[in-house]
Amino acid sequence: MTQSITIRRPDDWHLHLRDGAMLQAVLPETARHFARAIIMPNLVPPVVTAKDAAAYQSRILAALPEGADFTPLMMLYLTEDTDPADVAAAHASGLVTGVKLYPAGATTNSASGVTDFDKVRPVLEKMAEIGMPLCMHGEVTDSDIDIFDREAVFIDRVLDPIRRATPGLRVVMEHITTKNGVDYAKSQGEDLGATITTHHLIINRNHILVGGIKPHYYCLPVAKRESHRLALLEAATSGDATFFLGTDSAPHTDENKESACGCAGVFSASNTMSCLAEVFESQGALDKLEGFASLHGPAFYRLPANEKTITLRKGDPVPYPASIPTEDGPVTLFDPGFPLHWQVD
Ligand code: NCD
Ligand code: ZN
């Protein structure tokens, strides 16, 4: 039986760090294990221009614990007013790794997102030309579409048409939650990647709703039925380089989660690697963990894999805190619902 596994340091290809006191509290949780992360730009106000990204990058670097070896990969938030030249210059200088598309109103802090996709056509064409990845929050926002169907409908109505109209555009389907997402991602070429979160490999919609409502399992896209979770699990542990880790760790204070209108987001930065080792082991696929967490993402983003390694060791159940303290109040950590035996050295 394998008792330890050494892999290249992982990267998180979808992470929310927020700002101010929250940034200060959550950044060490990611920097402890991860070498790099794509930093989501949905601040209030959002990170829209290269200038905003440079300022946010400086605040992140200033908040890093002494001696941490962590690189934030910056993103721009796509609006209908985004300037293609600003985006291209920010990419060429190395400041910005990609652009994030939120359909307006799809999720937390997405009010400035896109409503009319024709308006962002010049930016998308520029990105296709320079090979800059577009990360998509793949849910439609139409009020007549059931929340559990919003990802599948997005693929047909938005994602596929945009890709057909913009040859060469490199797209990441972010935090896919459905078999539809898995099947679409698998059927496309190397210009399409898909991230999968830790929690969507572990929970289905019953975890949110059965036996009392569990606000800490509520995120967007919302977890779907078990057959979809199984499709995600199969994809993540298959070794297929289309799929890689984006935790979507999204901290909100308990006060904001445990409310009559609770925020969407699962905070999983602290125990993600332990959760993943447990999940991959249960599938007999520990040998595929490095690909998913450390190799497929850099390959898609055309970056070198990390040279340094981490070692996960199996032992007695690992204690982890129920929540982490922040100046704004506690933030509950993702509870996978089973003991975690794997710990990063
Ligand atoms: C994210 C957040 O809180 O910023 N929430 C979430 O449920 N995932 C936004 C997002 O990525 O959709
Ligand atoms: Zn997110």
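Whatever order the structure lists them in is the order used to number ligands and atoms, beginning at 1.
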Geometric cation-pi criterion, R170 with F300: 6.0 Å, 45°: yes
Quick one: does ligand 1 sit under 4.0 Å from the side chain of E139, the backbone, both or neither, non-hydrogen atoms only? neither
Determine whether W342 and C275 make a side-chain contact, defined as any pair of heavy atoms from C-beta on separated by less than 4.5 Å. no
Is there any N or O on A264 that sits under 3.5 Å from an N or O of ligand 1? yes
Sub-4.0 Å heavy-atom contact, N109 with ligand 1: no
Metal check, the Zn ion (ligand 2) vs H14 N/O/S, cut-off below 2.8 Å: yes
Any idea which atoms of ligand 1 are less than 4.0 Å away from a heavy-atom of H137? 12 (O)
Regarding D81 and T79, do their side chains bring together a donor and an acceptor under 3.5 Å, going by distance alone? no
re atom 7 (O) of ligand 1, the protein heavy-atom contact at minimum distance is L220 N, 2.7 Å
Hey, is R205 close enough to E226 for a salt bridge, meaning N to O under 4.0 Å? no
Check for me whether K100 has a heavy atom closer than 4.0 Å to any atom of ligand 1. no
For ligand 1, does A250 get within less than 4.0 Å through its side chain, its backbone, both, or neither, judged by non-hydrogen atoms? side chain
Is the shortest distance from a Lys or Arg side-chain nitrogen in R150 or D146 to a carboxylate oxygen in the other one below 4.0 Å? no
Flag this pair as yes if the NZ/CZ of R9 is under 6.0 angstrom from the six-membered ring centre of F34 and inside a 45 degree cone about the axis; otherwise no. no
Parallel, tilted or perpendicular, as decided by the 30° and 60° cut-offs, for the rings of Y301 and F244: perpendicular
Per-atom filter on ligand 1: closer than 4.0 angstrom to a heavy atom of G265 are 5 (N), 6 (C), 7 (O)
Element-labelled atoms of ligand 1 that are located less than 4.0 Å from some non-hydrogen atom of C219: 7 (O)
Is the number of heavy atoms from other residues, nucleotides or ligands within 6.0 Å of NZ (K214) greater than 12? yes
Which ligand 1 atoms, with their elements, are less than 4.0 angstrom from a heavy-atom of T107? 5 (N), 9 (C), 10 (C), 12 (O)
Got the closest protein heavy atom to atom 11 (O) of ligand 1, with its distance? H16 NE2, 3.0 Å
Could you label the plane-to-plane angle of the Y102 and Y77 rings as parallel, tilted or perpendicular, counting under 30° as parallel and over 60° as perpendicular? tilted
Which residue owns the protein heavy atom closest to atom 8 (N) of ligand 1, what's the atom, and how far is it? D248 OD2, 2.7 Å
Measuring to the Zn ion (ligand 2), does D248 have an N/O/S atom at a distance below 2.8 Å? yes
Would you name the N/O/S atom of H16 that lies closest to the Zn ion (ligand 2)? NE2
To which of H252, E174, H14 does the heavy atom nearest atom 3 (O) of ligand 1 belong? H252
Using the ring centroid of each side chain, check whether H228 and H200 are separated by less than 6.0 Å. no
